[in-house]
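Quick note on labels: first sequence line is chain A, next is B, and so on, each numbered from 1. Here the structure is a predicted model, which is why all the values come from computation and not from measurement.
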Amino acid sequence: MILPEEQKTALQIWKRTHSCGELNKENTGETVTLMGWVNSRRDHGGLIFVDLRDREGKTQVVFDPEISQDAHIMAHKIRNEYVIAVKGKVFPRGKDAINPNLKTGEIEVKVHEMRILNQSETPPFSLNDYSEIGDDLRLRYRFLDLRRPEMQENIILRHKVALLIRNFLSGRGFLEIETPFLTRSTPEGARDYIVPSRVNPGKFYALPQSPQLFKQLLMISGFDKYFQIVRCFRDEDLRADRAPEFTQLDMEMSFIERDDLFSLIEDLMTYLFKEVLGIEIEKPFPRYDYNDVMSKYGIDKPDLRYGMEIQDLNEIFKNTDFTAFSEVIASGGKIGAIKTEQPEKFSRKNIDDLEIYIKSFGLERMAYIRFKDDNQIQSSIAKYINDEEISALKDKVQAKPGDLLFVVAGNTDTVNEALGMLRIKLANTLKIIPEGEYNFLWVTNFPLFEYSKTEKRYSSMHHPFTAPVDEDIPMLESNPFQARSKAYDLVLNGNEVGGGSIRIHRTELQQKIFDLLGINEIEAKQKFGFLLEALQYGAPPHGGIAFGMDRLTMILANATSIREVIAFPKTQRATCMLTGAPAEVSPEQLKELHLKIDL
RNA sequence: GGGGUCGUAGUGCAGUAUGGUCUAACACGCCUGCCUGUCACGCAGGAGAACGCGGGUUCAAAUCCCGUCGGCCCCGCCA
């Protein structure tokens, strides 16, 4: 079909020749066509300057009545966020007119023809100013929020990360294989999102919390090295680093042991950081035993960009007369301490507030010790500490005059937890966490099981398919709950960015673990029968890991919430402000699914 | 399930402790006009909020109380 020239749309006649981020001095003299959004308009009466924006950047275009009367008149009508196309010539800017803040700052385009491709309402918030916009507004107008350069950078970064991962893994012989979203609910783990089946009345699918079982089956099928960048779903409460649907880099390999996986992942991570941030990360990453990080940092994902480790003072006070301490030692507890940085910043009031915080973990009190010159101390427990203990203490914590030590005593786990949280709190309030530093570490040798106080039973710390440490296998008969597992976490700057394990590849051992978890044979058969069966047909030794892509990207983007790197995130109450999901469905839909709502 | 915090023009905020001076301030944006070298343009003028919603206390409520809705942060939870 041939349209008369004047009926053709702008795009049938005009083709974009460049993005708004790529022109420079080299293009001087070229006639170019740019298309984009009006970022800002500066009307000088005579000249009108417009910063034209697309995802690649901004270019200054100039409307000069001496070049085109028509374009200049039309430029009066345009407003921010109008979509326009301009045809013009690239001019170098004079020395004084160069804008170093713009990629294209050394040129400008003098317009001889313009078309308004679309108008825009005045946006509800400015897309190019420096003030913070409320989260609710941003999410309600996410399509505009995503137009902001910061968000565009984040989303582009996310693409880049995914692409680098795919290229890297493909280069190492990995295959990306899809696994189902409509699958079955499993008893262990997080709450499932469930989906009713119309063709199977009364039955439900569950959306996967992870492709765990499928990737193990793929190993049994012989696919050897698998990965997938995949959405996962968990119906649990949200946090800044936790969304109900999130993206995971999921991996599994056969014929490997833990260290093979570690070195592969270290290669992948250093590659990513090099390509994305231009930063060299040292390999191999340090490895820590779960028990060690728990006693030194009170948490299984310590941020090692700063010190302030938890000190164990039991040895120093083993002969103390102070009953509050001796009783704790006698009962197998721990006297723990943290030496704070910037001790001069702590007033009596600050210390009291910290004690209140410590008490919220169930400890009775927190003592402080301030070291003075010589062998003197100022302390809430000064009268219970003798000179010998003071000098031993000074040695142990390497105290300088003026240093401040916080001391708590009680049940070992509670002391570790409380001091671990105190350590983080101190680091944040003292602002001692260095920016731009990336600290990776592996945490290994997790307990195989953990006791749930709320459910009053043992469950797998990682998941029920995790292999026990070889030398602990005999313990499964004697004291199973002391056994360690071949699970590992990758921690980056205090975030758990990845976790995985070497899996069980023998039916008997898998059955044994189900027994210990109180999953009886019938239930195991019903829910995991396919896995138990598959393990009987030549399952290779295998293991894997999964990474939180959102968290990883968040850290690479230097953002504080994964919402900043997800195009269309949910709110804290798991709703979508854009679409209004979740929402009621029609009675017809419910009827079809044989569902009744009972509120 | 629990704790905290925020909600005032289109946006960001001040005002809330000690109710009356709030006829709600400021900045950005918006509208009109002027301006040929700006780039967070400038100048002059203008419009725009009864303070999330509901109830209560009071002579009087943005401000106090109760409830409720929503955003965010944290604990629990998240194999």
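- A donor-acceptor pair under 3.5 Å links the side-chain atoms of A:Asp54 to the main chain of A:Glu56, judged by distance alone.
- Between the side chains of A:Arg503 and A:His463, at least one donor-acceptor pair of N or O atoms lies under 3.5 Å.
- Comparing B:C28 with B:C13, their C1' atoms are spaced 11 Å from each other, to the whole Å.
- Contact of the A:Arg93 side chain with the A:Glu106 side chain is not registered, since no non-hydrogen atoms from C-beta on lie closer than 4.5 Å.
- Nucleotide B:A27: paired with B:U11 (Watson-Crick or G-U wobble, both distances less than 3.5 Å).
- Pairing partner, B:A47: none, since no Watson-Crick or wobble contact has both distances short of 3.5 Å.
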Pull out every protein N or O sitting under 3.5 Å from an N or O of nucleotides 48-53 of chain B, one pair per line with the distance.
none

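- In this structure, the NZ atom of A:Lys110 is 12 Å from the P atom of B:G37, given to the nearest Å.
- Annotation: B:G4 and B:A49 have their C1' atoms spaced 28 Å apart (nearest Å).
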Might you list the N or O atoms of the protein lying below 3.5 Å from N or O atoms in nucleotides 71-78 of chain B, with each pair's distance?
residue : atom : partner  : partner atom : Å
B:G71   : OP1  : A:Thr571 : OG1          : 3.1
B:C72   : OP1  : A:Gln572 : N            : 3.2
B:C72   : OP2  : A:Gln572 : N            : 2.7
B:C72   : O3'  : A:Arg563 : NH2          : 3.2
B:C73   : OP1  : A:Arg563 : NH2          : 2.4
B:C73   : OP2  : A:Arg563 : NH2          : 3.0
B:C74   : OP2  : A:Ala240 : N            : 3.2
B:C75   : OP2  : A:Arg239 : NE           : 2.7
B:C75   : OP2  : A:Arg239 : NH2          : 3.3
B:G76   : N7   : A:Arg239 : NH2          : 2.9
B:G76   : O6   : A:Arg239 : NH1          : 3.1
B:G76   : N1   : A:Asp237 : OD2          : 2.8
B:G76   : N2   : A:Asp237 : OD2          : 3.4
B:C77   : O2'  : A:Glu236 : OE1          : 2.7
B:C77   : O2   : A:Arg242 : NH2          : 3.2
B:C77   : N3   : A:Arg242 : NH1          : 3.2
B:C77   : N3   : A:Arg242 : NH2          : 2.7
B:C77   : N4   : A:Arg239 : NH2          : 3.2
B:C77   : N4   : A:Arg242 : NH1          : 3.0
B:C78   : O2   : A:Arg242 : NE           : 3.2
B:C78   : O2   : A:Arg242 : NH1          : 3.0
B:C78   : N3   : A:Arg242 : NH1          : 3.1

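- Annotation: B:A14 and B:A25 have their P atoms spaced 15 Å apart (nearest Å).
- Take A:Phe481 and apply the ring pair (Phe, Tyr, Trp, His ring centres under 6.0 Å) test, not counting sequence neighbours, and it matches A:Phe449, A:Tyr458.
- Separating the CZ atom of A:Phe125 from the P atom of B:G12 is a distance of 9 Å, rounded to the nearest angstrom.
- B:A62 sits 15 Å from B:G56 when the P atoms are compared, rounded to a whole Å.
- The aromatic ring of A:His44 is stacked on the base of B:C41, with the two ring centres less than 5.5 Å apart and the planes inclined by under 30°.
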List the atom pairs, with distances to 0.1 Å, where a side-chain N or O of residues 424-431 of chain A and a protein N or O form a donor-acceptor pair under 3.5 Å, not counting sequence neighbours.
residue  : atom : partner  : partner atom : Å
A:Asn428 : ND2  : A:Ile424 : O            : 3.2
A:Thr429 : OG1  : A:Lys425 : O            : 2.9
A:Thr429 : OG1  : A:Leu426 : O            : 3.2

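- Pairs of residues two or more places apart, or lying in two chains, that qualify as ring-ring contact (aromatic ring centres under 6.0 Å, His included) and include a residue from residues 497-526 of chain A are A:Phe514-A:Phe528.
- Straight-line distance between the P atoms of B:U16 and B:G7: roughly 12 Å, to the nearest whole Å.
- Legend: residues meeting salt bridge (charged side-chain N to carboxylate O under 4.0 Å, His left out) with A:Arg551, ordered by chain and number and at least two apart, are A:Asp241.
- For the P atom pair drawn from B:C51 and B:U5, the interatomic distance equals 23 Å after rounding to whole Å.
- For RNA chain B, the residues of residues 83-107 of chain A within the heavy-atom distance limit of 4.0 Å (strictly under) are A:Arg93, A:Ala97, A:Asn99, sorted by number.
- Between A:Asn80 atom CG and B:A40 atom P there is a gap of 14 Å when expressed in whole angstrom units.
- In this structure, the ring pair (Phe, Tyr, Trp, His ring centres under 6.0 Å) partners of A:Phe49, at least two apart in sequence or on a different chain, are A:His44.
- Stacking between A:Phe49 and the base of B:U38 is present: ring centres sit under 5.5 Å apart and the planes differ by under 30 degrees.
- Screening residues 77-111 of chain A for ring-ring contact (aromatic ring centres under 6.0 Å, His included), with sequence neighbours left out, gives no hits.
- Of the N and O atoms on the side chains of A:Arg184 and A:Gln526, not one donor lies less than 3.5 Å from an acceptor on the other residue.
- Between B:C53 and B:U63, the two P atoms lie 11 Å apart (nearest whole Å).
- Protein atom CG of A:Asn39 is 14 Å distant from nucleotide atom C1' of B:C41, rounded to whole Å.
- The residue among A:Glu108 and A:Asp43 whose nearest nucleotide of RNA chain B is located toward the 5' end is A:Glu108.
- Partner assigned to B:U68 is B:G52, using Watson-Crick or G-U wobble distances below 3.5 angstrom.
- In this structure A:Met294 satisfies the side-chain contact (heavy atoms from CB on, under 4.5 Å) test together with A:Tyr290, A:Asp300, sequence neighbours excluded.
- Across all strands, A:Ser210 comes closer than 4.0 Å to base atoms (heavy-atom distances).
- The side-chain contact (heavy atoms from CB on, under 4.5 Å) test applied to A:Asn558 returns A:Glu435, not counting sequence neighbours.
- Between A:Ile78 atom CD1 and B:C30 atom P there is a gap of 12 Å when expressed in whole angstrom units.
- The nearest whole Å value for the distance from the CD atom in A:Glu121 to the P atom in B:G10 is 14 Å.
- With a 4.5 Å cut-off on side-chain heavy atoms, A:Lys77 and A:Met114 do not count as touching.
- OP1 or OP2 of B:C41 sits under 4.0 Å from a side-chain N or O of A:Arg42.
- Using a 4.0 Å heavy-atom cutoff across all strands shown, A:Pro464 reaches at least one base atom of the nucleic acid.
- A straight line from CG of A:Asp64 to P of B:G37 spans 11 Å, rounded to a whole angstrom.
- Taking A:Asp135 as the reference, nothing meets the side-chain hydrogen bond (donor to acceptor under 3.5 Å, both in side chains) condition, with sequence neighbours excluded.
- Across B:G10 and B:C75, the matching P atoms stand 36 Å from one another, rounded to whole Å.
- Here the C1' atom of nucleotide B:G37 and the CG atom of A:Asp51 are 13 Å apart, to the nearest Å.
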